[in-house]
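The chain is numbered in sequence order, starting from 1.
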Amino acid sequence: QVKYAGICVDDMPFFRRDRDMLAWGSNLLPLNGHEMSGVVVECGQDAARSGIKVGDRVSGYAWNKCGECYYCKTGRESHCLNLVPAQGTLSEYIVWNARQLMVLPPSVSMEEGCLTDPIGYAIHGVDRAKISIGSKVLIIGRNAERAADASDGKDARCQQDTMIDQEKTIRQLASSLGAEYTIDPVHENVAAIVSQITEGLGYDVIFETSGNIAMLSLATRLLARHGSLLFSSIYGINTNLPISISELYLKEASLIPYYMAPYILPRIKSIMSKLELKPLITKVYDFKDAIMAYKDTETGLYPHVLVKVSD
């Protein structure tokens, strides 16, 4: 029984009925939500043998991975050749496989449990970035997975951690969760401030999560030599990206996409209770007002909006 469902920015093209995304993305994402927390009300024998039992508070991944293909057997389950989206989370009752679920830590609320997927996304991005001790890290955008990463406190590997976002409330939240610097891209000279922070060297690692194609172009100019630019948006199915290949080449920089985490539920569970998750949940709507949750998410003003699906 689903208690809460989260609205992700990746859900918005389906809410807007974007034709290209409906044709392409429906193969990868459930059309009515993929973030949830809930309570097990019934389980089969195989689920029971895995340790899941009726009454467990759970969250998990909304994808069925076969476990048998080449990518599943080499720890890259997110690229499963037989990947199938499970039932969407904006339903009072759903049936998921036990391997998709994890039991929530006792100290994590049902609302906070909805952030399982964003936390996994953040971990996957950090894994892909291979951040070294002393790295200068820039985060562009307000996505909950980036804020969830920041809420792990000041990463001991980061010498300087900076967040760029046009919304003051988001920048304030980033500061409270460990960002050393925040920049307003609308009213401040981003290049000048970055040059001052990094002593003219640029950032070793940049996460571009805003989905704004102009910020992706800017990120290449803020990147240090031998740096890594990670992005987590499609920017449109047929969009030509305004990236200077020559600049990346001369910097010997890496361009790294990331979009779905492999199976890391045990890792998520191990850190979930240590993260400051409550500040990331800024609005909760009743199920009858779910359309407002989508509209609020579309504004970009709120790190994460939830829908209370059932009592």
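Counting heavy atoms of neighbouring residues, nucleotides and ligands inside a 6.0 Å radius, atom OH of Y71 does not exceed 12 of them. A 6.0 Å sphere centred on NZ of K269 holds more than 12 heavy atoms belonging to other residues, nucleotides or ligands.
Counting only distance, with no hydrogens or angles, the side chain of S195 and the backbone of A192 share no donor-acceptor pair below 3.5 Å. A donor-acceptor pair under 3.5 Å is absent between the side-chain atoms of S132 and the main chain of S135, judged by distance alone. Side-chain N or O atoms of T209 include none that pairs as donor or acceptor with a backbone N or O of S232 at under 3.5 Å. Within the 3.5 Å criterion, the main-chain N or O of R171 finds a donor-acceptor partner in the side chain of S175. Checking side-chain atoms of S254 against main-chain N and O of I256 turns up no donor-acceptor pair under 3.5 Å. Between the side chain of T220 and the main chain of S244, no donor-acceptor pair closer than 3.5 Å is present. Panel note: side chain H124, backbone M260; a donor-acceptor pair is recorded below 3.5 Å.
When hydrophobic clusters are built by joining Ile, Leu, Val, Met, Phe, Trp and Tyr residues whose side-chain heavy atoms come closer than 4.5 Å, directly or via intermediates, I271 is grouped together with I281. L218 is connected to I197 through a chain of hydrophobic side-chain contacts under 4.5 Å among Ile, Leu, Val, Met, Phe, Trp and Tyr, so both are in one cluster. In this structure, Y93 is not a member of the same hydrophobic cluster as L90, with clusters built from ILVMFWY side-chain heavy atoms closer than 4.5 Å. Cluster annotation: M12 is connected to I291 through the hydrophobic network of ILVMFWY side chains, with a link wherever side-chain heavy atoms come within less than 4.5 Å.
Ring-plane geometry between Y258 and F207 is classed as perpendicular, the angle between the planes exceeding 60 degrees on a 0 to 90 degree scale with a lower cut at 30. Using a 30° and 60° split on the angle between ring planes, Y259 and H79 fall in the perpendicular class, above 60°.
When side chains are defined from C-beta on, K130 does not count as touching S228, because their heavy atoms never get closer than 4.5 Å. Between S37 and R57, the closest side-chain pair of non-hydrogen atoms is not below 4.5 Å. The shortest side-chain heavy-atom distance between T182 and D165 does not fall under the 4.5 Å cut-off. Side-chain contact between P85 and H34 is absent, with no heavy atoms from C-beta onward closer than 4.5 Å. Using a 4.5 Å heavy-atom threshold, the side chains of T116 and L104 count as touching. Using a 4.5 Å cut-off on side-chain heavy atoms (C-beta onward), Y203 and L229 make no contact. Within the 4.5 Å cutoff, the side chain of Q87 has heavy atoms near those of the V95 side chain. Residues Q100 and N64 form a side-chain contact, since some pair of their non-hydrogen atoms from C-beta on lies under 4.5 Å apart.
Pairing each heavy atom of G211 with each of S233, the nearest pair is CA-OG, 3.6 Å. Residue L306 comes nearest to C114 through the heavy atom pair CD2-CB, 3.8 Å, listed as atom of the first residue, atom of the second, then distance.
Comment: K283 does not engage D289 in a salt bridge, judged by the lack of any side-chain N to carboxylate O separation of less than 4.0 angstrom. Salt bridge annotation for K308-D286: absent, with no cationic side-chain nitrogen under 4.0 angstrom from a carboxylate oxygen.
Atom CG of residue D204 and atom CD1 of residue I206 lie 9.5 Å apart, to the nearest 0.5 angstrom. I164 CD1 to E208 CD: the interatomic distance, rounded to the nearest 0.5 Å, is 9.5 Å.
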